[in-house]
Every structure is written in structure tokens, then in C-alpha cells.
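Worksheet for the structure shown next.
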Amino acid sequence: MTSSSTPAFFPRRVLGHLALVGVIVALVGIFATILVWRAMTNLETRRLEMEFRSEAEELAGKVSQDIDEAIFNLHSIAAFYEASSEVTREEFSTYCRPLLQRNKMIEALEWVPRVSHEARAEFERTAREEGLDDAFEFREQGSSGENRRRDAEEYYPVYFVEPAAGNEKALGFDLASNPARLKALNQARKTGEPVATAPISLDQGSDKKNGILIFCRIDDKHGRFEGFALGVFKADNLLRRNCDRARANELEIEFYDKPDIGDRALIYSSDPATAEGQPAEESDFSITLDLDVAGRHWQVVCRTAPLYQVGRRSWYPAVILLSGLTLTFLATLYVSVRARSERELEARVAERTAELEVARDAAETASRVKSRFLANMSHEIRTPLNGILGMNNLLLETELSAQQREYQVLMEQSAESLLTILNDILDFSKVEAGKLELVSEPFLLRKTLTDILRFLEPQTAGKRLELKGDIHQEVPDALMGDVSRLRQVLINLLGNALKFTDTGVVSLEVRVEEKRGGEVVLHFLVSDTGIGISEKQQQEIFQPFSQVDIATTRARGGTGLGLAISVQLLELMSGHIWVESALGKGTAFHFTARFNLCVDREKAVAEGAPAEEKIPTGPPLHFLLVEDGKVNQVVAVNMLKKWGYTASIVTNGREALEALEKAPDGFFDGVLMDVQMPEMDGYEATRLIRQREAQSGKHLPVIAMTANAMKGDREKCLEAGMDAYVPKPVRAKELLSAITRTCS
Ligand code: ADP
């Protein structure tokens, strides 16, 4: 794992500026909190203002309702008059008394008749007879407050009053003598609706305008105008109830009379200070409402007292402010703690990366050492194996008893399987090192598959087993690809199938999976009716060195590398491999591989033709055999002898150079050169041969015969100037093919 793949909360760029990030988080948090808090506060204020408005409107509504109730009493007096032919002072008193008792807002109720000048004396006389003052007469108020007689066309005197006690002075007062009242009277007479006066002073001699009068026209039952019912209201009584209610709710309320012209006049105030004429205190909210009071325009000013908001304000804004600041604090704290731990983590990751790099270097070194070891071991094993196989071949060609021949054949088989194992291990190490590369050569698929089946056929011997192949018709024949690797995969799968099946059928089927442009993907199916593989084992068999059952393996052989190598080879062929199997029923291995189509069939035919090992017909050839191993010398010489060839033997590169020096021109037809030798190796000797030839312009064929079978060994030989490469153990066919190609 490298540090760049560590999942980090902060991008690496930011990690260096974490102090700044902390400050930014704090500032943004505070700013956002204040913003939200302000918004909440504004909302709260708006809510309080709405609440205040509705309280104020409710109060004004209550005042209006009270006044309407009071006016209703005047209407009831009007109705009383209309219903009676005559109302005596006594009857008026009796009718009004309960009304006054019920409605404490009314100061007094009065009867104000219209009296013509002619009827005046009669009215005054009757009043005196009813027990009023002997000197009773209609009168007006003089400019200095004294009562004086009044003469006019028409009078509106206060004639009855209830309660009488305390209101004696009002009796006889001609309301028409006061222009303001006369105006209200005329309006009430004209409209038939109750009409109020502007505020007046009810206390004799006082300027304080503390009351209002309301007139209501009275007609007789024939609809003739008779006079007015008059209600006297003290502002205090009329309005105090609602003012007290307002104060209880931390509100102040003021009532003004607003004439059409001139300044408004204060009627009543809940606030003693403003009642005394002082200016009102600053308030949070205030509202002015209009009220129609019996035809007069009143203004109700309602405002909040200083403590209005106490207890009404909600805690939300404060809670939000507090939570916001707390969250900001926590976020800032989190950022700094997290930042610190990430910095520590970064440091740890860097440390670990360094350690891992050291470990990787060590592993790479170990892998190189392993590869070198493998190459050496492979070389060391191949060399004696070459001897064993070669000598065995020679022995088989001599006179042997039947038993000896049988033993020899068994020995050959053992040596061959040892070679297979050696090749598998070598392949696997190449795959592991990523050094396995495919070649692309033309080949004929049908011929290749037929050869494979023919090659494996002997393995069915002794079993009731049929080995068959089915290549679908649409499968193209001439292809380009690494045929020997395809052969390796197929031999491994078919070999396994034959190995693990005792009766039934082992079959190979090939069909086209996909064909596009110059490419074809083939689907191969190798199935058998053998022992099968359990589901659990199916997961594992593609891993290297995995074998289902050690006992079976011992009985049937194998390294456990075949499938692992096949997986890698098929990957290189852009294909894949999978298995379907049931224990006891059989196994089917499927694989796909991609090939190029070969346009030149002739070429494929030619390449595919195997080098037949038949006795060459050309002239006998003489070789210089450069080989330090005694056994291998014998093997090679005898192989050559079979074909009628001869060889001079030297044991290292230096001797080879000397022999070539001494020999006359054309003495040797070619050199068979081992590579690893004491004193001078094959590479160097070949290089020197080629150097010398540079002057003479001749070219002596040099064929490498080496146990170096790793990747690149063939290239190294060709680079050194050799003409062909035959790996050990040397196959007669291969050597002859190389000789035919280079020396004839
Ligand atoms: P090996 O060289 O041991 O055959 P492979 O990788 O080719 O190695 O196979 C691994 C193991 O998978 C075998 O040892 C065997 O247990 C199992 N196996 C492979 N093919 C078959 C098959 N056709 N039938 C049953 N078992 C199989």
C-alpha cells in the first residue's frame, strides 16, 4: 500500500494548511450562526408584532362593543316614548333606574324635548308643579358661568334626568344654547342615528374634558319628532375597564377625538403620564386604529409597555445561537483533532512505505536469485538427463533380451516424465517472473489436434476408454498463434482427463465463439467421464501446486502446476478457462483463445510439417563437437553416426578455436557447440570464430546444443553468431532439422 492510496478525510493539499482550515470553519460557523439567529429574531419580532396587532384590534373591538351596548339603552328609551302616549317624570325615572343599575358606564339618562317658544311657559309651569325649583325656567350658561334666562324660537331643555340626585343643576339647561351641542342635536335629528358630542367637561368649572354626550332622536307613535334621549358618559367609566385589561397585558391605550378640522383631543389614557399631558414613552410596537363612536371619529392608539415582550419572546433564537456556537466549537475541535491524527497517519504511512520499499527491493533480489537458481538447476538437471535419454536411445538400438528391452522402455518413460516436470517448473517460474511471451506462427488447427490425439492415444491402452475429437465445420483451419503453447494446454487437459478416467469417453470439441475481422475466438471443450472434482476443489485447482487428493496424485502423477500454467497461457491468448464437474460423473474443462486468421494457407502447411527423422540423402558431413561432458559426447557422436555423419571432439571453446585453426579448409562442415564449458564458453568461442571469418569472408555453421533453456537463451546464442539452437536433452529430430537447415 502506498500513501497515495490511503483514504483520507482531507485532501493532501489541504493537510498543510489545517490551521487555516480550522479558522475558516470557525468563521463560517460563527457567521452562519449569526445569520440564522438574526433571521429567527426577525421572525420572532414579526410574530410578536402580529400578536400585538391582534390584541390591539381585539381591545378596540371590545370598546366599540361597550359603547354600542350603552347606546342601545338610548334606543330603548326612544322605543319606550314611541310606545307611550305620554311619559311622566315618574315613569321616566322608573324606566331608567334599572337601565342605569345594569350599565354602570352611563352617568345619567335624560329626556330633552323640543319645546317651541309658545309651549315654553306651559313646560316650565308643569315642571314647577311637579316639584322642581319654584324659579325653574329654561336657561343658558353665561360666559362667566352664571345661569341666565334665554329667549329663543325653539328650546332643547333638559327636562327629566335620572338619577335626579346630584343632577339638579342640569335640569332646565337649554342644550340649543351651546353651538357644539346644537350641532350634534341637529345631526341626530336629521339622521335619526345616535350622535355623540366632542369630549366635554362634566365637572362644573373644570377644563378637563372627561365626558361625552350621546343624543338619540325620539319620535311619537305617529312619527312626529318629539325630542332626544340623552346619555351622559364619563370617559373614565366608559373606557377604564378595557384600559385596565390592556395594562394587565403590558399595553397602553389612548383614546382621541379627531374632529374634521383641528387637532385631535385626548379623551382617555391608560397611562397616567400621558393622561397628564406628558409625551408617551418609546415603545416596541404601536398602532393607531379608527373607531366610529356614534358618528364621531375616534382614534385608538395602542402601544406596548416596556415589559410587553417579557414572557412572550420564545427561546428559539437564543437556543439557535447557543447551539450554533456550540456546533461551531465542536466542528473546529473535530477539524483540529482529525487533522492531527491525519498528519500522524501520513507520517506513519510514509514510514511504512519506506519499509515496504526496502522489503520490495529485498523480494525483488530474492526473486532474481530464485530465477538464477532455477536456470542453473534446470541446466544442471538437463545435462545428465540428456545423457540418460541419449544413452537409453543408444541402448534400445542394440541387441537386447525382451526383459531388458521392457526395462529400457520403462526407464525412457521415467526420464521423459522427469523432463515434463522440469519443463513445467521452468514454465511456471517464467510465468511468475512475467517472462513468458507467446510467438505468432502459422499452423493448421485440424492437423495439430489430430497429432495431439494420436500422441495421447497410447494412454487409453489397458482402459475401456475412447478418445475422440470433434472440430465443428465452421472452425477455420489456417491460423496464426503460438501453436506449441496451445498444444501444451491441450495436452495438459487431455492428459489429466485420461489420467483421471478409467472407463467411458474423453473427448475434445472445438467451435467458434466469435469471429470478427481477421480474428477468431475458439471455444475448446475437454470432457471426460472420470472421477470428477468436488465443488470446493473446483475453486482451488487453478492455483499452483494444488492437487485434489494427494493419494490419487501419487497414484496418477503430476505436479499440480499444469492448470496454473494453462490459466496464464490462455490469458496471454486473450482467453480464459473454467470447469464444470460432478464427483463420480466426470469433468468438463472449457477454455477460449483468440487467434489471427492465416491468409497464406501454404505457409501454414509448410510450417506445420514436422521435421521427419529420416536418413539424410546428402554427402556425409564431418562436425566439430565442442562438449565437455563425456556422456553427452557419446550421445551426440552416436546420433550423428546414425545419419552417417562423423565428428572430432574437443572439450572447450579454446580447444575448438585451435582445432579450427589447424584444420584445412572445408574439413569441418559445421560446429556443434555446447555453451557452458570450462576455460572458454560457447558464446565467446563463436564470437571469435565469427571475428576471424570477417577477414576470410567464409561462414562455418555453428549449432548451439545447450541445457540453457530459459527465455532469452536462444536469442543470446543467435546474438553471439550461432546459426541454430537445439535445447538439451537433444531430440534427434530437432538436431537433424537444425543440421539440414544450416549445413547443407
Ligand atoms: P497435475 O499436474 O497434478 O495434473 P493440474 O494443475 O493439471 O496438475 O491439475 C491439478 C489437479 O486438478 C489434479 O491433480 C487433479 O486433482 C485435478 N484435476 C485436473 N483435471 C482433472 C480431471 N479431468 N478429472 C479429475 N481431476 C482433475
Side-chain angles (χ1 to χ4, degrees), residues 374 378 381 413-432 436 449 452-453 455-470 484-510 523-573 575-593:
L374 261 169
S378 158
I381 297 170
Q413 281 174 3
S414 300
E416 285 289 349
S417 43
L418 183 58
L419 186 62
T420 311
I421 293 171
L422 187 64
N423 284 338
D424 269 3
I425 293 177
L426 210 59
D427 273 346
F428 183 70
S429 73
K430 282 182 198 169
V431 166
E432 254 203 333
L436 202 123
L449 300 183
I452 292 172
L453 293 178
F455 170 72
L456 293 170
E457 185 64 39
Q459 293 189 26
T460 59
K463 297 183 178 181
R464 276 185 291 130
L465 196 55
E466 189 193 349
L467 173 63
K468 61 179 192 184
D470 176 18
S484 61
R485 292 305 188 180
L486 173 64
R487 200 179 285 128
Q488 187 179 344
V489 173
L490 280 168
I491 287 180
N492 178 49
L493 295 180
L494 286 163
N496 279 346
L498 291 166
K499 202 159 53 172
F500 295 106
T501 311
D502 292 329
T503 54
V505 189
V506 169
S507 74
L508 164 66
E509 192 188 326
V510 189
H523 182 153
F524 295 78
L525 168 60
V526 174
S527 54
D528 64 51
T529 52
I531 60 169
I533 306 167
S534 74
E535 223 156 274
K536 183 170 170 283
Q537 300 296 343
Q538 289 174 28
Q539 319 281 326
E540 291 163 9
I541 51 171
F542 295 104
Q543 300 297 323
F545 304 108
S546 70
Q547 291 176 322
V548 169
D549 166 14
I550 300 300
T552 330
T553 308
R554 245 184 243 129
R556 303 184 188 241
T559 54
L561 283 175
L563 287 174
I565 293 168
S566 298
V567 168
Q568 304 288 340
L569 289 176
L570 292 171
E571 220 164 75
L572 291 172
M573 292 185 205
H576 64 290
I577 184 167
W578 69 101
V579 65
E580 289 162 1
S581 186
L583 267 183
K585 294 220 170 103
T587 307
F589 277 96
H590 297 256
F591 73 87
T592 59

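In each ligand, atom 1 is the first atom listed, and ligand 1 is the first ligand listed.
With Thr529 contributing its side chain and Thr501 its backbone, the two residues share no donor-acceptor pair below 3.5 Å. Side-chain atoms of Gln459 do not come within 3.5 Å of backbone N or O of Lys499 as any donor-acceptor pair. With hydrogens and angles ignored, the 3.5 Å screen pairs no side-chain donor or acceptor of Lys468 with any backbone N or O of Val505.
Shown in contact with Leu561 at under 4.0 Å from a heavy atom are these atoms of ligand 1, numbered in order with element: 6 (O), 8 (O). Close approach of ligand 1 to Asn496 is summarised as follows: ligand atoms under 4.0 Å from at least one heavy atom of the residue are 4 (O), 5 (P), 7 (O), 9 (O), 19 (C), 20 (N). Every atom of ligand 1 with a heavy atom of Ala497 under 4.0 Å away is listed here by number and element: 23 (N).
For Leu563, heavy-atom contacts with ligand 1 shorter than 4.0 Å involve the backbone as well as the side chain. Residue-level proximity to ligand 1 for Asn492 is carried by the side chain, the only part with a heavy atom below 4.0 angstrom.
Assignment of Gly530 to the shell around ligand 1 is not supported, since no heavy atom sits closer than 4.0 Å. Note on ligand 1: Phe542 sits outside its first shell, no heavy atom being nearer than 4.0 Å. At least one heavy atom of Lys499 sits under 4.0 Å from some atom of ligand 1.
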Check the pair Phe500 / Val506 against side chain to side chain contact (heavy atoms under 4.5 Å, CB included), numbers first and verdict last.
CA-CA 10 Å; Phe500 295 106; Val506 169; over 6 Å; no
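Of the residues listed (Asn496, Thr587, Leu498), the one engaging Asp528 in a side chain to side chain contact (heavy atoms under 4.5 Å, CB included) is Thr587, and it is the only one.
Contact between Ala588 and Leu525 at its shortest, heavy atoms only, is CB-CD1, 3.8 Å.
Taking only non-hydrogen atoms, the option from Leu494, Thr587, Thr501, Ile533 nearest to atom 27 (C) of ligand 1 is Ile533.
The structure places CD1 of Ile452 at 4.5 Å from CG of Leu490, a figure rounded to the nearest 0.5 Å.
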